[in-house]
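No hydrogens, no waters, no symmetry mates; every other heavy atom, side chains included, goes into these values. Letters go in sequence order (proteins before strands), and every chain restarts at 1.
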Amino acid sequence: MTTPNDSTSATGPELAKAYDFKAVEPKWYRRWLEEKKFSATMEQGRPNFSIVIPPPNVTGVLHVGHALNNTLQDILVRYRRMQGANTLWVPGTDHAGIATQNVVERQLAQEGTSRHDIGRRKFVERVWQWREESGGQIINQLKRLGCSCDWDRERFTMDEGLSRAVKTVFTRLYREGLIYQGDYIINWCPRCHTALADLEVEHEPTDGKLYHIRYPFASGEGYLVVATTRPETMLGDTAVAVHPADERFSGLSEKAVILPLVGRKIPIVGDTHVEREFGTGALKVTPAHDLNDFEIARRHDLPAVKIMDDNGVMNQSAGDYAGLDRFACRKKIVADLEALGLMDKIEPLQHGVGHCYRCHTVVEPTLSKQWFVSVKPLADKAIAAVKEERIRIHPKSWENTFFDWMYNIRDWCISRQIWWGHQIPAWTCVTCGELVVADIDPDVCPKCRGANLHRETDVLDTWFSSALWPFSTLGWPDQTPELGHFYPTSVLITSFDILFFWVARMMMMGIHFMGEVPFRDVYLHALVRDAQGQKMSKSKGNVMDPLELMDQYGTDALRFTMAAFAAQGRDIKLSEERIEGYRHFINKIWNAARFALMHIGDCTPGAALPAPRSLPLHHRWILSRLNRTTAEVHAALGGFNFNEAANALYQFVWREFCDWYLEWSKADLYGDDPAAKATGRQVLLTVLENTLKLLHPLIPFVTEEIWEVLPGARTSIMTEPFPEVEDARQDDEAETAVTLLMGIIGGIRNIRSEMGLHPSAELEVVVICHDPQRAERIAAYASAICAMSRARRVTVRETGERPKGAASNIFTDIEIFVPLEGLIDIDKEMAKLDKDKEKVVAQLDKVRGKLGNEKFLANAPADIVAKEQEKLDAMSAQLAKIEENIKRLRELA
RNA sequence: AGGCGCGUAGCUCAGUGGGAGAGCGCUACACUGACACUGUAGAGGUCGGCGGUUCGACCCCGCCCGUGCCUACCA
């Protein structure tokens, strides 16, 4: 909207008074998709930049952790894209074996049926059906976040291609002897009916009891007391262990005890694993239901007795207790032992109890035949890659944790007794018993040619397929152009809590199968926690829903907040107030653009600006500040310091561009000087354009919306070149000069406020500056000072009489007076001067203390000493001036 | 048990071996034509505690207290 006879305003589109993100965000995302703006290009001669998304569970909904994770990725991808790289951000989801199976099983239960009723084939079909209908909603939520993924390349870990990669990897590792099958103790979830890897067990401190149980000696006389937290497992005991050097038990190793309730005679063995200080120093050994006991049994060649079934219910080996749930059995056993007088005592004990990470059931260690990856050889290569900095972990502090885990890594149990997942490509020949592992389904047994092959029913750990993600998504095992272009990927951005689950395993698999690391840099960001620092979880009810936050504050505000909070090495306790604050920031940008557009409507974009030094001061200044900000943004994003980029931009846009430059420019833009007006418009447009570009990776929507209406033919800001640092724009002289003027303006404003003068009162100002050069500069910009401090007139003097009855202020060595003859409130002014004096005196004392210290003079670097000396001089002069003003004020009173 | 991290303004958080910062909140004033999702000015902190290193410590070191997380085979 322009009024026809308004000569100060150029033609141009008018923006709405407030930014309406609800209308803008969906519009732009749709258009970006339509125009295929996110598609990877595979041109030669440009740098490549690729990221694979940490695939969210197909069952997942977007939580704040995803919002953080994907915002950071999108910032880097958009930044590199604007820098001209061939960028590829591969999106996708993870089939989340146990989690997804649980979802569909719950559905079936509601229908009054179960997976066992309908059978494996039908069940898997149901899962696929569920995935089609309601799975992967998180993908749309990522789009809502503005993620610039190449959606045409979206992958799913159960895709045909990825399945082929899984089979290939499994087969090769098997043939290399790095995958084996064996009977070992594993973590069993009786609810999910599957084995779990060690990592998938969550240990939680739990209040339990330590039961002291008497095991009578086989000789018939006396007993040995063992201590256990799980008395029900005694039914499977096959020995009692004591420390071989424990004198209390010397000579006992020849003896045996009779297992109470069971009557089995079991030996006493000596094993150094036993902790003498704990309990009674005698440990019952249950090889089939305890990880450590299993190891002890192997050392002493002890038998193992399984006493529970897959449901955690006691089995036939439990004798009279068969059919009882493990916890009911515990009660009964305790009662029975007490009745027999064999329970010595029961004491409370807090100890760690393993829970299933998916369903939170107490895990039961169980002896079972499973498939394992022998990880040590793979881990060694990953360790080397990090040591040699072929992979850099950021923040570096995580490296220690990484090494620690990798050095102590244990074989990885990869088989799961569920139906949803990659079925293990292994067959047993029913005829001859041959085990066949093959990436292509065999028709006949290669050994006996028998056609009756029985396929392994287990599926693989979901993380097994995730470990292949950086290359399987690019087409491996086929040698695709994508692999050549984008592997190794540039950077992996993920949360530290899956460093072991996922990151380490990708390193191992990538190095082993590609012969090259899967990514150059790993950036581990913090976990988003609630105000108490607790992990957010549905069960705790402390979740913040990013979708609601986007509804309320806009996507850009949420994204900017995420970036601003992403300081390295620290947890994020998200604060809604901060999001609101950044919504205001988005609106501020909008209004700055709105103001600009009222003036730059007929500017020519890209027109060359006059030589920097020939421009008026404020233009030189803002261009210099812009350049400095550009440098800060590059440095910050290059080092994964997202918060520094956000803060630098926030400060620049609001505190410098809006607060000072736009205000200063109003004189040009509303004034009568056509040349000044033209220059002002051109610089304004230049600064606005570059600022929007710098901001775009963080806040894509509002920047794109503004970009579109800037003068000239505009395509998307997404593909505009990102601003580069130009040394010629760095103008320290202009920055120093503007700091001087700002100080004077601030001094005048302070007087106005402190003296209670009305904001619209037009003040007379006298500035005394002894330095002729600066005095001249101040005088030259007197009108700007007037405009921004609402002064009627600024008189600059190099020397001379201080005005009588004036309020005063000091900026460095420059004195500012506002004569208020007759009007001055002497008490107020006196109070202000006293306060100023107090401050200066306090600082002066500090400096004097330093300079009076010979050791300081002797040891401190010369430049520091010189600086302190300068400070002393400056503050002494200030103090003298303040005291002079106080004296004069007294005379007045 | 070990490891890692944190404790800075009322709240949420940056930061650095040489004069303590931001946002929000608070106080006062102001609807001047980009913006009240605003502007101007201001108040507010012995940088968890105690020692040590240093000319100098919020920053480095030790201990303590509080707090959070990760790994662990004391049942």
Colleague: Under 4.0 Å between a side-chain N/O of A/W654 and OP1 or OP2 of B/G39, yes or no?
Modeller: yes
Colleague: Can you tell me which nucleotide in B/A30, B/U71, B/G39 comes closest to the side chain of A/H758?
Modeller: B/A30
Colleague: What verdict does the side-chain contact (heavy atoms from CB on, under 4.5 Å) test give for A/L558 and A/M562, after you've listed the backbone C-alpha separation in whole Å, the side-chain angles of each residue and the deciding distance to 0.1 Å?
Modeller: CA-CA 6 Å; A/L558 179 67; A/M562 290 298 170; 3.9 Å; yes
Colleague: Name the nucleic acid region contacted by A/T401, choosing base, sugar-phosphate or nothing; use a 4.0 angstrom heavy-atom cut-off, strictly under.
Modeller: nothing
Colleague: Tell me: CG of A/L662 to P of B/G33, nearest whole Å?
Modeller: 16 Å
Colleague: Under 4.0 Å, heavy atoms only, any strand: does A/L291 hit a base, just the sugar-phosphate, or nothing?
Modeller: nothing
Colleague: Taking the six-membered ring for Trp, are A/Y582 and A/Y650 closer than 6.0 Å centroid to centroid?
Modeller: yes
Colleague: Does A/R655 count as lying over the ring of A/W660, i.e. NZ or CZ under 6.0 Å from the six-ring centre, within 45 degrees of the axis?
Modeller: no
Colleague: Quick check against the 3.5 Å criterion: does A/D246 have a side-chain atom that pairs as donor or acceptor with the backbone of A/R248?
Modeller: yes
Colleague: Give a yes/no answer on whether the side chain of A/N292 brings an N or O atom under 4.0 Å of OP1 or OP2 in B/C74.
Modeller: no
Colleague: Can you tell me the Watson-Crick or wobble partner of B/C47, both distances under 3.5 angstrom?
Modeller: none
Colleague: Nearest of B/G39, B/A43, B/C35 to any side-chain atom of A/K17?
Modeller: B/C35
